[in-house]
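The structure under discussion appears below in the form of structure tokens.
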Amino acid sequence: MQRAREHEVVCTGGGVICSIASSMTELGLALREGQRGVQVLPPELITARGPRVAARVQDFDHVRWLEEIETPVSGIWKRARKVLHNATRSTRLGAVAAVEAWRDARLDAEDPALGAGTGIIVAGSNLSQDYMAENLGALAASERRVNPKFAVSYSDSNQVGCLSQMLGVRGPGMTVGAASASGNAALFQAWHWVRAGVVERCVVVGAASVLSPVELEAFGILGAASLTGEASAAPRPFDKGHDGFVWGEAAAAVVLESGESARRRSVSARGRVLGVSLLLDARHGPEPVAAAEVQAMRAALAAAGVSAQEIDYVNAHGTGSPAGDRAECEALREVFGLGPGRPRINATKALLGHGLSSAGLVELLACLLQVEGGFLHGNPNLVQPIDAQLSLVAVDAESSEVRLALSNSFGFGGFNSSLVISAP
Amino acid sequence: MNVPMDPESQRILEIVKANLLEVVFDLNPDDIVPESNMTDLGANSIDRVEVVMYASEALQVNVPTVELHGASTLADLVEIFKRHTSDRSR
């Protein structure tokens with residue numbers, strides 16, 4: 001018996017909403033121009049020992065967004081209005097990113113055969129911490145009552161159901177959690193599904209991690225978050241002045257699809273996902289393990305059938321946390337060396353902060369847009385690099401012909417993941 | 001079938017209707033009549049709990065959940081609420 005053929009995996013659509021962009025086109029421009037989304041937090045999110053700044057989505061109104069992209073008569077518009085009515089902020093942000101990716105991939109939500117061949121994976125866990133805090137507060141204040149919807153909406157997996165109803169998807173679906181590596185972990189799962197022919201395509205949504213003051217305070221106490229009060233000063237990935245990550249509220253989505261399906265539907269690919277890795281490091285804490293990061297990068301390269309020397313560009317995990325940045329520099333030196341032809345490196349979190357659950361998806365989109373646009377975005381706060389020998393992009397964007405890129409995501413709990421993408 | 005409602009029942013029905021429109025969102029107000037069944041109007045189990053909860057708050061009554069199981073139409077629900085509002089006024 002012949003072994004089932006492994007399918008080529010392409011990306012046929014993308015969608016995003018973050019502090020500096022509410023569409024793929026806007027993100028491409030914002031990256032090129034080096035726009036930054038970090039602002040001072042509103043008083044209700046500032047705690048005694050928590051961060052003072054974050055890159056949040058400002059003035060988000062899902063109805064206005066839907067009206068811009070969807071005609072009010074479409075099935076998606078009608079179902080989205082209903083599903084997102086009274087939904088959590090994280091659900092609404094993820095939904096608009098997913099709808100953009102769906103339209104970008106020119107998929108039809110009213111085609112039952114298409115819906116049956118499509119899966120959904122939502123990346124992230126503990127996505128609606130704002131909603132948890134709000135309902136705990138309602139329970140504690142005896143005069144107010146808990147919202148009955150909480151029984152369903154507190155669960156992140158409800159986002160999968162909401163998306164399936166909006167998009168008419170009837171294939172497999174689930175959430176995938178791996179802390180800050182959740183986005184890459186979801187892509188790992190979806191990539192294997194498409195590759196093995198379990199689905200023809202999969203909508204992968206990097207859901208927004210919407211934090212409450214509790215998480216912000218804890219990240220501050222732990223020393224993981226930057227405590228600067230100056231919005232322009234942080235984050236500073238790979239700079240000697242780095243003092244922690246800055247939360248960047250964002251949702252991003254892609255459609256991963258088999259090459260055959262994309263060709264059959266006559267849609268062009270934004271890029272190809274050649275290989276993905278996801279490895280634990282047998283330690284549960286927040287500390288990065290450089291050796292495990294090396295293993296993750298090498299495993300992704302092996303899955304892609306690509307050598308380290310062929311990689312033109314690395315989108316680093318680069319949160320701006322001193323321990324994380326140091327470990328990643330060490331791992332990058334180990335994998336790529338310091339000789340000529342070493343890859344250029346930047347960190348998208350320098351511009352739009354750390355999306356936590358969504359970071360892997362946001363950074364995949366950043367890779368695709370930079371490959372397509374022939375540029376690499378700058379590292380705006382990189383004044384004194386911690387490793388002067390690494391090939392870090394300077395403050396401003398540069399033009400570049402990137403063919404092969406690698407994107408890293410590492411997460412608390414010992415998750416190490418890399419993906420290798422190429423131009424279509 | 002269409003028995004005219006007394007003013008108190010009418011007042012309660014309007015409150016239920018307003019909350020139903022808020023929760024279910026895409027309803028046509030003209031489709032909501034005393035004989036309507038919330039499920040038939042597109043309200044799922046959570047929507048129904050929400051409508052009853054918000055209407056109870058507006059009417060300042062506390063109806064035990066078990067009493068609500070017998071209600072199949074909005075008119076039945078109005079009757080149950082009415083019993084509790086009149087209890088309170090005694």
Side-chain angles (χ1 to χ4, degrees), chain A residues 61-67 70-89 91-92 95-96 99 109-110 128 131-132 134-135 137-166 168, chain B residues 12-32 36-74 76-78 80-81 83-85 87-88:
Chain A
D61 177 347
H62 72 284
V63 176
R64 207 178 60 218
W65 190 97
L66 283 166
E67 278 167 357
E70 283 289 328
T71 51
V73 291
S74 82
I76 289 184
W77 192 87
K78 286 183 187 159
R79 291 189 297 271
R81 283 299 308 274
K82 190 167 170 60
V83 165
L84 300 180
H85 182 64
N86 290 335
T88 66
R89 181 172 171 88
T91 305
R92 287 174 171 172
V96 303
V99 170
E110 318 308 321
S128 297
Y131 183 66
M132 308 295 265
E134 184 190 314
N135 278 277
L139 191 64
S142 53
E143 75 276 10
R144 287 185 58 211
R145 293 193 227 176
V146 166
N147 184 327
K149 273 211 170 66
F150 190 85
V152 172
S153 305
Y154 88 90
S155 175
D156 297 320
S157 51
N158 186 48
Q159 294 200 23
V160 179
C162 288
L163 292 167
S164 74
Q165 185 172 340
M166 282 165 46
Chain B
I12 297 171
L13 180 66
E14 286 309 314
I15 288 172
V16 171
K17 192 171 159 178
N19 282 292
L20 189 56
L21 285 167
E22 167 61 27
V23 169
V24 182
F25 148 81
D26 58 350
L27 284 176
N28 178 352
D30 297 339
D31 292 342
I32 307 173
S36 304
N37 171 294
M38 284 206 274
T39 309
D40 295 342
L41 289 171
N44 65 26
S45 59
I46 298 173
D47 296 338
R48 298 196 296 272
V49 175
E50 273 195 289
V51 170
V52 170
M53 195 177 99
Y54 299 146
S56 301
E57 281 175 356
L59 293 163
Q60 294 181 289
V61 295
N62 200 350
V63 183
T65 311
V66 64
E67 279 189 47
L68 296 162
H69 291 329
S72 72
T73 64
L74 293 182
D76 296 342
L77 187 60
V78 166
I80 294 167
F81 277 136
R83 219 157 48 224
H84 284 267
T85 53
D87 278 356
R88 208 185 33 160

(request) Calculate, to the nearest 0.5 Å, the distance between atoms CG and NZ belonging to B:Asn44 and A:Lys149 respectively. (result) 7.0 Å
(request) Side-chain contact test, heavy atoms from C-beta onward, threshold under 4.5 Å: evaluate it for A:Asn147 versus B:Tyr54 and give yes or no. (result) yes
(request) Taking the side chain as every heavy atom from C-beta outward, state whether A:Lys82 and B:Val24 have any atom pair closer than 4.5 Å. (result) yes
